[in-house]
Every structure is written in structure tokens, then in C-alpha cells.
There are 2 protein chains.
Amino acid sequence: MNDEQLKQILREFDLKVTKVRLCVLDLLLQSRIAMSHSQITDALEAFELDKVTLYRTLNTFVEVGLAHKVATDERNWLYAIYSEDVQQHNHQHEHHESPHAHFICEACDKIYCFPIEEKQIDLKKAELEGFSIKQHEIRLHGTCPVCK
Amino acid sequence: MNDEQLKQILREFDLKVTKVRLCVLDLLLQSRIAMSHSQITDALEAFELDKVTLYRTLNTFVEVGLAHKVATDERNWLYAIYSEDVQQHNHQHEHHESPHAHFICEACDKIYCFPIEEKQIDLKKAELEGFSIKQHEIRLHGTCPVCK
DNA sequence: ACTATAATGCAACTTAGTTGCAATAATTTA
DNA sequence: TAAATTATTGCAACTAAGTTGCATTATAGT
Ligand SMILES: [Mn+2]
Ligand SMILES: [Mn+2]
Ligand SMILES: [Zn+2]
Ligand SMILES: [Zn+2]
């Protein structure tokens with residue numbers, strides 16, 4: 001993706017265009033897997049990103065709905081941009097994650113984002129008991145193609 | 001649940017019976033929601049549990065398959081005992097979580113465990129791509145009956 | 001009761017992320 | 001294009017959650 005396209009995405013989410021945001025956005029858009037703060041730091045070591053600035057950049061992306069984060073069992077967060085979220089935002093201006101699952105590899109701990117069909121889960125029981133469900137998230141555990 | 005029943009559960013999971021384990025087990029069995037380290041500390045303040053001992057107790061419960069833990073978006077863990085896991089263990093001696101979902105209340109951050117039907121998700125796409133799925137976890141986000 | 005082994009409790013440590021604040025860069029306006 | 005406005009950046013210090021090491025104590029089998 002070229003520089004002008006990346007800038008356009010930031011502007012669509014009402015974010016100022018900065019060097020840090022551009023390179024982080026570019027990286028996350030290219031990555032098939034969700035990435036941690038330290039993975040991003042390593043991948044972008046040429047930029048010598050400041051630790052705090054990167055955290056703030058990632059949080060900002062999540063706040064505006066451009067990226068989403070997944071808490072791992074190793075008590076840290078992985079960040080990902082799900083391409084449909086970027087496109088959806090173009091059309092309808094409110095942030096709402098597209099339905100997708102997270103595949104967590106037990107061997108390498110990588111997390112992959114996957115498209116899934118909407119509303120596949122039978123939630124009658126929960127709804128009967130007075131729980132109102134706004135959104136759901138599916139986590140798959142197993143072995144990824146690389147580790148198999 | 002009486003003391004003898006609690007001891008019996010610990011023995012079935014090959015754990016030594018101790019004061020700390022008994023009171024934590026008792027609490028988690030009674031709780032509808034998954035509980036954090038600090039919630040447990042507060043609930044059992046009469047026992048003046050040591051911080052480290054409680055962490056170790058919870059980790060042990062998870063290791064043997066008596067309890068399970070859920071990572072929250074606030075980067076901490078909540079622990080829960082899903083009653084079917086305790087019963088299942090009686091019969092078949094290998095630890096395998098019963099299918100259930102986690103409901104996360106956006107208002108109070110509480111996490112409830114819910115029974116669900118097995119295999120409700122269409123995983124063809126993932127499997128075609130070479131991902132082998134061993135287990136899945138469903139997270140529901142919304143508002144719980146108390147907060148509504 | 002004696003012994004072997006595992007659980008406990010305390011202090012120190014680690015890891016991941018946050019807060020405050022001054023310096024700097026991005027956009028608006030003239 | 002320069003000045004003014006406002007948001008982002010980078011550094012140091014801090015926090016919260018959980019872990020490690022080690023000496024002490026409790027459990028369970030004989
Ligand atoms: Mn995702
Ligand atoms: Mn559960
Ligand atoms: Zn893998
Ligand atoms: Zn609630």
C-alpha cells in the first residue's frame with residue numbers, strides 16, 4: 001500500500017498523519033497475524049519507535065475502531081487490523097467490528113484473524129436469563145499451518 | 001457443599017488437602033461469575049490469604065483441570081470452576097473443558113460461564129487452510145441482568 | 001510418631017503498560 | 001508562507017499483576 005493510501009486511511013478515521021502512525025499502520029495492514037508491542041518494535045526497529053508512543057498509537061487505533069486488540073493468556077495484548085473494518089468505516093461511520101474469529105496457535109502463540117459467518121451461536125439460553133448480547137468473539141485453539 | 005465433599009474433589013484431582021485450597025475451592029464453586037485474584041482475596045479476607053499462595057493455588061487448579069482462567073481486556077485473569085468439569089473428571093480421567101461460553105458484561109466487567117452446544121461454528125475455511133482446531137472458546141459481550 | 005515430599009509465606013524481582021510534563025510536529029488561519 | 005493552535009512525541013518515573021527463590025511449615029504414607 002502506498003503512502004497516499006495510508007494517509008487516506010488515517011484521515012478517514014480523523015487521525016492526524018504522523019510518521020509513527022504511518023509505519024505502524026503499514027505494518028499491521030500487511031500482517032496476517034495479530035502483533036504484540038514488542039513484535040512491532042522489532043519489526044520496525046529501523047524507526048526506533050519510542051515505547052510509550054507506540055502504546056499510545058496502538059491505543060488510538062483501537063479507540064477509533066481502526067484496529068482491535070486481543071488479550072492473550074500471557075497477559076499481554078496483540079493488535080490487528082482486520083481489513084474489513086477499514087473498508088466498512090468508509091461507508092458507515094460508526095465503529096463496529098466485522099465478524100471474525102481468532103485462531104491461537106498452541107505451538108507458536110501466534111494469533112490469526114479469520115472471517116466467519118455472523119450469528120452462528122445459539123444464544124437463547126443466555127437471552128432468556130436476561131443477558132443482552134451485543135457482540136461475540138470466537139477463539140479457536142490449535143496448531144497453525146506453520147507449526148504442523 | 002460440606003468439608004468432606006470439598007476434600008473429596010481435591011483428592012480426585014490428586015491434590016493434597018490444605019486450608020487454602022479448601023476455602024478457595026469452596027468460594028469458586030459457589031460463584032456464578034469468574035473471579036480475579038483480588039476479588040478472591042477480598043471475599044476470603046477472614047483467611048488472610050498470602051498473595052503468592054493464592055496465585056499458586058489458582059495456577060494449580062488450572063493445571064490439573066479443576067478450574068479454568070479467562071484473560072480479560074484489563075490484562076488480568078479471572079478464575080472459575082465450571083461444575084461440569086468437576087463432575088466429568090470423576091468419570092474420565094483426562095482434563096478437557098466442557099463446552100461453554102463466557103459472557104462479559106460491559107458495564108460491570110463481570111464474566112459469567114454459560115453452557116453451550118458443542119460444535120456450532122463453521123470452521124471449514126480455517127481447516128482448509130491447514131489450521132487444526134483442537135478447542136474453541138466463545139466470548140459474548142453485552143449487559144448482564146444486574147446492570148440492565 | 002517418623003520421614004519424605006509438597007505447600008506456604010515473605011522479600012525481592014519482572015513484565016507490560018500508564019501518567020505527567022516539557023519539547024516538537026501537524027494542521028488551521030491569515 | 002509564516003504564525004498560531006492544538007495534538008503528538010519522547011523521556012523519566014510510576015503502577016499493577018504476577019513470578020521466583022528460599023527457608024519454614026504442613027500433609028500423607030509408612
Ligand atoms: Mn482479529
Ligand atoms: Mn468459564
Ligand atoms: Zn504456530
Ligand atoms: Zn454487569
Side-chain angles (χ1 to χ4, degrees), chain A residues 3-4 6-25 34-64 66-80 109 111, chain B residues 3-4 6-26 34-64 66-79 109 111:
Chain A
D3 224 55
E4 198 45 54
L6 295 170
K7 287 180 183 170
Q8 200 49 45
I9 293 171
L10 290 176
R11 289 198 198 99
E12 267 154 26
F13 283 86
D14 296 318
L15 296 178
K16 298 222 156 101
V17 173
T18 72
K19 225 160 52 173
V20 179
R21 285 174 181 172
L22 281 172
C23 71
V24 175
L25 176 61
M35 298 182 82
S36 67
H37 180 280
S38 70
Q39 282 179 300
I40 297 170
T41 304
D42 292 352
L44 300 176
E45 75 176 320
F47 290 85
E48 288 183 315
L49 297 180
D50 176 72
K51 184 183 77 156
V52 178
T53 304
L54 177 54
Y55 275 120
R56 288 200 270 230
T57 299
L58 294 168
N59 286 341
T60 302
F61 282 6
V62 172
E63 276 161 26
V64 301
L66 170 55
H68 61 274
K69 63 180 175 183
V70 191
T72 73
D73 276 344
E74 288 71 44
R75 76 187 223 91
N76 54 19
W77 286 322
L78 304 190
Y79 299 83
D109 284 331
I111 298 191
Chain B
D3 223 54
E4 200 44 53
L6 295 171
K7 286 180 183 171
Q8 199 50 44
I9 293 172
L10 290 175
R11 289 196 198 100
E12 268 155 26
F13 283 85
D14 296 319
L15 296 177
K16 300 222 156 102
V17 173
T18 72
K19 223 163 52 174
V20 178
R21 286 174 179 172
L22 282 172
C23 71
V24 174
L25 175 62
D26 192 29
M35 298 182 82
S36 67
H37 181 280
S38 69
Q39 283 179 300
I40 297 170
T41 304
D42 292 351
L44 300 176
E45 75 175 321
F47 290 85
E48 287 183 318
L49 296 180
D50 176 71
K51 184 184 76 155
V52 178
T53 304
L54 178 53
Y55 276 121
R56 289 201 268 231
T57 299
L58 294 168
N59 286 341
T60 301
F61 283 6
V62 171
E63 276 160 27
V64 300
L66 170 55
H68 61 273
K69 63 181 176 184
V70 191
T72 73
D73 276 343
E74 286 72 45
R75 77 188 221 90
N76 53 20
W77 287 321
L78 304 191
Y79 299 83
D109 284 329
I111 298 192

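Letters A, B, ... mirror the listed sequences (proteins, then strands); counts begin at 1.
- Within residues 37-45 of chain A, no residue approaches DNA chain D, by heavy-atom distance under 4.0 Å.
- We find that CG of Leu25(B) is positioned 15 Å from P of dA7(C), with the value rounded to whole Å.
- Distance Glu48(B) CD to dT8(C) P: 16 Å, rounded to the nearest Å.
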Would you tabulate the pairs of protein nitrogen or oxygen atoms and nucleotide nitrogen or oxygen atoms of nucleotides 23-26 of chain C closer than 3.5 angstrom?
| from | atom 1 | to | atom 2 | distance (Å) |
| --- | --- | --- | --- | --- |
| dA26(C) | O3' | Val17(A) | O | 3.4 |

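- Among the heavy atoms of the strands lying under 4.0 Å from Asn76(A) are primed sugar atoms or P, OP1, OP2 only; no base atom is included.
- Regarding Leu15(A), its CG atom lies at a distance of 14 Å from the C1' atom of dT27(C), rounded to whole Å.
- For the helix from dA1(C)-dT30(D) to dA30(C)-dT1(D), the angle separating the two terminal helix axes comes to 40°, with each axis derived from five pairs and the value rounded to 10°.
- Taking atom CG on Asp109(A) and atom P on dA16(C), their separation rounds to 13 Å, with Å as the unit.
- Contact between the side-chain N/O atoms of Asn59(B) and the OP1/OP2 oxygens of dG18(D) is not found at any separation under 4.0 Å.
- You won't find any donor-acceptor pair under 3.5 Å spanning the side chain of Lys51(B) and the base of dG9(C), going by distance alone.
- Nearer to the 5' terminus of DNA chain C, by closest-nucleotide assignment, is the contact made by Val52(B) (compared with the other of Arg11(A) and Val52(B)).
- Considering only side-chain N and O atoms, Tyr55(B) lies nowhere under 4.0 angstrom from the phosphate OP1 or OP2 of dT19(D).
- Asp73(B) places its CG atom 12 Å from the P atom of dT18(C), with the value rounded to the nearest Å.
- Glu63(A) places its CD atom 14 Å from the P atom of dA7(D), with the value rounded to the nearest Å.
- A salt bridge does not link Glu63(A) to Arg56(A): none of the charged nitrogens lies less than 4.0 Å from a carboxylate oxygen.
- Between the side chain of Arg56(B) and the base of dG9(C), a donor-acceptor pair under 3.5 Å is found.
- Between Leu49(B) and Cys23(B) the shortest side-chain heavy-atom distance falls below 4.5 Å.
- Neither OP1 nor OP2 of dA16(D) sits under 4.0 Å from any side-chain N or O of Arg75(B).
- Between the CZ atom of Arg21(B) and the C1' atom of dA7(C) there is a distance of 6 Å, rounded to whole Å.
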